[in-house]
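Okay, so here's the structure we're looking at.
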Amino acid sequence: MNRTKIKQALTQTPVGQDITIGGWVRTVRHSKGGFSFISLNDGSCFAQIQVIADKDLPNYESDIVSLTAGCSVVVTGVLVESQGKGQRVELQAGEVRLLGAADAEKYPMQQKRHTFEYLRTQAHLRPRTNTFGAVARVRNRICSAIHEFFQQRDFLYVHTPIITASDCEGAGEMFNVTTLEAAAPPKTDDGTIDYDQDFFSRQTFLTVSGQLEVEPYCCSLGDVYTFGPTFRAENSNTPRHLAEFWMVEPEMAFCDLQGDADVAEEMLKHIFKTVLSDCDEDMAFFNQRIDKTVIETLQHIVNSDFVRLPYTEAVEILEKAGKQWEYPVGWGTDLQTEHERYLTEEHFKSPVILTDYPASIKPFYMRVNEPDADGRQTVAAMDVLVPKIGEIIGGAQREERLDVLEGRMDECDMNKDDYWWYADLRRYGTIPHAGFGLGLERCVQFCTGMANIRDVIPYPRTPRNADF
RNA sequence: UCCCCGAUAGCUCAAUUGGUAGAGCGAGCGGCUGUUAACCGCUAGGUCGUAGGUUCGAGCCCUACUCGGGGAGCCA
């Protein structure tokens with residue numbers, strides 16, 4: 001079948017040309033004038049194509065009159081200028097072939113608005129809705145824009161493992177990967193599970209980050225990035241957390257924290273610019289139906305500089321804000337959501353890159369700064385905060401000095417032997433390097449205005465939810 | 001995991017001080033129409049999340065549980 005996609009038919013195919021399209025019926029309107037309007041969508045674009053089916057088609061009474069939302073059809077016909085308002089062209093059908101009916105009394109996608117909560121229970125059919133079609137297309141474009149961005153800058157795309165033995169990275173609870181019998185795992189003499197008998201002869205997990213494993217490629221081949229699934233077994237129940245999500249993690253060689261922040265800012269701007277220019281139809285929908293400020297917000301960010309602010313100064317701003325904080329602000333404690341939101345949404349009204357956090361609240365691999373005038377210890381960390389979503393990127397310059405790194409591992413009570421290969425990078429030809437992690441779904445949320453992260457990934461995995 | 005709110009028709013919700021259920025949309029049928037959030041009329045459809053309890057009587061009050069939403073923590 002030589003199928004023309006609806007996107008092409010609506011924008012490129014010349015009037016008068018014969019084409020064949022395939023799609024799913026969105027709405028049908030029958031006219032007693034002796035024909036029917038069939039709106040078809042095939043996912044290639046937001047818009048539907050209007051098919052005109054005359055009553056003299058052989059299967060008009062048998063098939064077309066009983067078409068309902070969700071039916072799949074293949075239509076062959078000639079593209080003509082539309083006589084009605086609302087579309088430039090329409091398809092005058094020469095043949096309408098019904099491939100699959102969809103019982104209107106049972107089809108879960110009614111011809112009406114549904115709540116996102118309901119649609120989550122129909123995750124296999126929700127991509128047929130306007131919203132989820134648009135989310136899927138924007139998500140796709142964001143991913144390709146990310147690859148574009150790094151490929152244009154000669155970053156190497158590196159695949160880090162999904163299964164890993166790296167533990168204790170401070171990134172949260174991990175999922176175990178095992179082939180041992182859950183009901184009766186083998187035990188050692190002291191009663192603990194004997195992982196020697198497990199598939200990998202040791203305890204393994206689903207990765208919480210590809211960073212540790214991508215650093216060796218950075219320290220051998222230069223600028224690199226990973227882009228893959230990431231898993232956190234935290235019992236997080238929020239509109240911003242998933243147990244399985246996708247993360248982009250670039251790692252730059254011969255790079256410090258400033259360079260790290262530069263790449264983060266440029267990358268986000270590239271993504272937003274691309275979405276605005278290439279997903280205009282989908283973005284217009286989000287702007288109209290989901291969040292009336294998304295386009296304006298993205299445009300504003302593309303055209304302005306991100307605020308860069310050391311943690312210490314952020315704390316001073318928050319202390320002087322004259323606000324009654326639910327959680328007290330003070331040097332040495334991590335910033336709370338309310339503090340981050342104040343900075344990015346109220347005080348600066350722009351994305352903010354916070355840097356140089358206290359060492360005590362950050363993981364071992366972040367580079368230790370010179371103590372400040374008051375002797376306080378910070379590390380070269382950065383968080384990129386955006387309105388509504390909060391932390392969209394977290395990153396740092398890495399500790400490249402072996403003695404300092406090992407000192408930090410001791411402070412964090414880590415088993416240094418487990419990280420011998422990570423330390424080797426500092427032992428042989430060490431270099432300054434830096435990187436960050438971008439939560440893909442948070443980025444999709446920010447671009448589309450979708451309020452819940454479960455609605456920007458096809459099949460959300462959250463506590464108590466792994467259907468489909 | 002903690003705090004707050006919710007669960008009634010296929011979907012979204014309503015039901016005054018406890019007196020055994022209604023609407024809109026959707027669906028079916030009919031009418032009208034170059035229609036496009038179509039419009040008009042009629043019809044069908046509900047053991048009120050689960051399990052207990054209070055009461056002459058519970059959708060409504062009490063307890064536990066399950067699931068969902070919002071906020072918080074954890075973070076991307």
Side-chain angles (χ1 to χ4, degrees), chain A residues 26-40 47-54 66 68-70 80-87 90 92 102-122 130 169-173 207-211 227 229-249 264 288-289 326-327 334-338 340-341 361-363 383-386 389-395 436-446 451-457 462-465 467:
Chain A
R26 281 294 178 78
T27 60
V28 192
R29 299 172 291 279
H30 304 292
S31 169
K32 284 300 179 294
F35 53 92
S36 296
F37 301 97
I38 308 167
S39 284
L40 282 189
Q48 294 140 52
I49 194 166
Q50 176 160 282
V51 173
I52 310 298
D54 282 321
S66 55
T68 54
V80 297
E81 280 181 32
S82 178
Q83 296 172 37
K85 291 173 194 156
Q87 59 279 317
E90 60 194 21
Q92 183 68 49
D103 185 344
E105 287 195 69
K106 292 178 187 157
Y107 187 52
M109 301 288 101
Q110 296 174 353
Q111 204 173 307
K112 58 163 289 194
R113 292 263 197 101
H114 283 112
T115 58
F116 293 140
E117 290 81 20
Y118 171 72
L119 290 173
R120 269 172 229 150
T121 70
Q122 307 293 331
N130 280 336
E169 201 199 308
E173 292 295 310
T207 184
V208 291
S209 164
Q211 181 208 319
F227 187 177
T230 309
F231 307 86
R232 305 271 166 95
E234 295 291 340
N235 189 11
S236 297
N237 295 288
T238 86
R240 306 181 300 282
H241 288 87
L242 291 166
E244 176 184 277
F245 63 100
W246 285 65
M247 188 153 64
V248 185
E249 295 176 282
Q288 191 190 343
R289 291 293 179 84
E326 190 182 337
Y327 292 86
D334 211 353
L335 298 183
Q336 303 295 313
T337 296
E338 58 172 338
E340 295 180 344
R341 290 186 69 133
I361 58 171
K362 289 293 182 183
D383 282 357
V384 181
L385 311 176
V386 295
I389 312 292
E391 188 180 340
I392 195 170
I393 282 176
F436 62 81
L438 167 75
L440 176 69
E441 285 75 17
R442 288 190 183 172
C443 184
V444 179
Q445 269 192 283
F446 191 71
N452 195 311
I453 201 166
R454 299 165 192 207
D455 299 325
V456 298
I457 188 169
T462 55
R464 298 180 302 280
N465 191 351
D467 292 340

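Numbered from 1 within each chain, the chains take letters A, B, ... in sequence-line order. Owing to the predicted nature of the structure, the values given are computational and were not obtained by experimental measurement.
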Pairs under 3.5 Å (N/O, protein and nucleotides 3-8 of chain B):
none

Any donor-acceptor pair under 3.5 Å linking the side-chain atoms of A:Gln92 with those of A:Asp54? yes
Nearest of B:G26, B:C75, B:U35 to any side-chain atom of A:Glu391? B:C75
Assess whether one donor atom and one acceptor atom, taken from the side chain of A:Arg442 and the base of B:C75, lie less than 3.5 Å apart. yes
Among B:U12, B:G34, B:A76, the one nearest A:Ile52 by side-chain distance: B:G34
Tell which nucleotide pairs with B:U17, taking only Watson-Crick or G-U wobble pairs whose two distances are both under 3.5 angstrom. none
Between A:Lys112 and A:Thr27, which is nearer to the 5' end of RNA chain B once each is assigned its nearest nucleotide? A:Lys112
Using atom C1' in both nucleotides, what's the gap between B:G70 and B:G28 to the nearest angstrom? 39 Å
Using the C1' atom as the reference point in each nucleotide, state the distance between B:U1 and B:C74 in Å, no decimals. 10 Å
Just call it for A:Tyr327: base, sugar-phosphate, or nothing, with non-hydrogen atoms closer than 4.0 Å on any strand. sugar-phosphate
In chain order, what residues pass the side-chain contact (heavy atoms from CB on, under 4.5 Å) check against A:Glu391, with sequence neighbours excluded? A:Asp383, A:Leu385, A:Arg442
Given the structure, check if the side chain of A:Ser236 and the base of B:C75 hold any donor-acceptor pair shorter than 3.5 Å. no
Any N or O donor-acceptor pair under 3.5 Å from the base of B:C75 to the side chain of A:His241? yes
If we call it a pair only when both distances are under 3.5 Å in a Watson-Crick or G-U wobble match, what pairs with B:U35? none
Determine the contact category for A:Gln122: base if any of its heavy atoms lies under 4.0 Å from a base atom, sugar-phosphate if only primed atoms, P, OP1 or OP2 are that close, otherwise nothing. nothing
Centroid distance below 5.5 Å plus an interplanar angle below 30 degrees: do A:Phe37 and B:G34 meet both conditions? no
Want to settle it: does A:Gly86 or A:Glu105 sit nearer the 5' end of RNA chain B, counting the closest nucleotide to each? A:Glu105
Heavy atoms from C-beta onward define the side chain here; which of B:G34, B:G68, B:A72 lies closest to that of A:Gln87? B:G34
Heavy-atom donor-acceptor pair, A:Gln83 side-chain to B:G34 base, under 3.5 Å: yes
Does A:Arg232 reach the main-chain N or O of A:Val208 with its side chain, forming a donor-acceptor pair under 3.5 Å? yes
What nucleotide among B:G68, B:A27, B:G34 has an atom nearest to a side-chain atom of A:Gln111? B:A27
Compare the minimum distances between each of B:G68, B:A72, B:U12 and the side chain of A:Arg464, then state the nucleotide with the smallest one. B:G68
Who are the side-chain contact (heavy atoms from CB on, under 4.5 Å) partners of A:Ala47, not counting sequence neighbours? A:Leu10, A:Cys45, A:Glu281
Check this for me: does the side-chain of A:Gln110 come within 3.5 Å of the base of B:G10 through a donor and an acceptor? yes
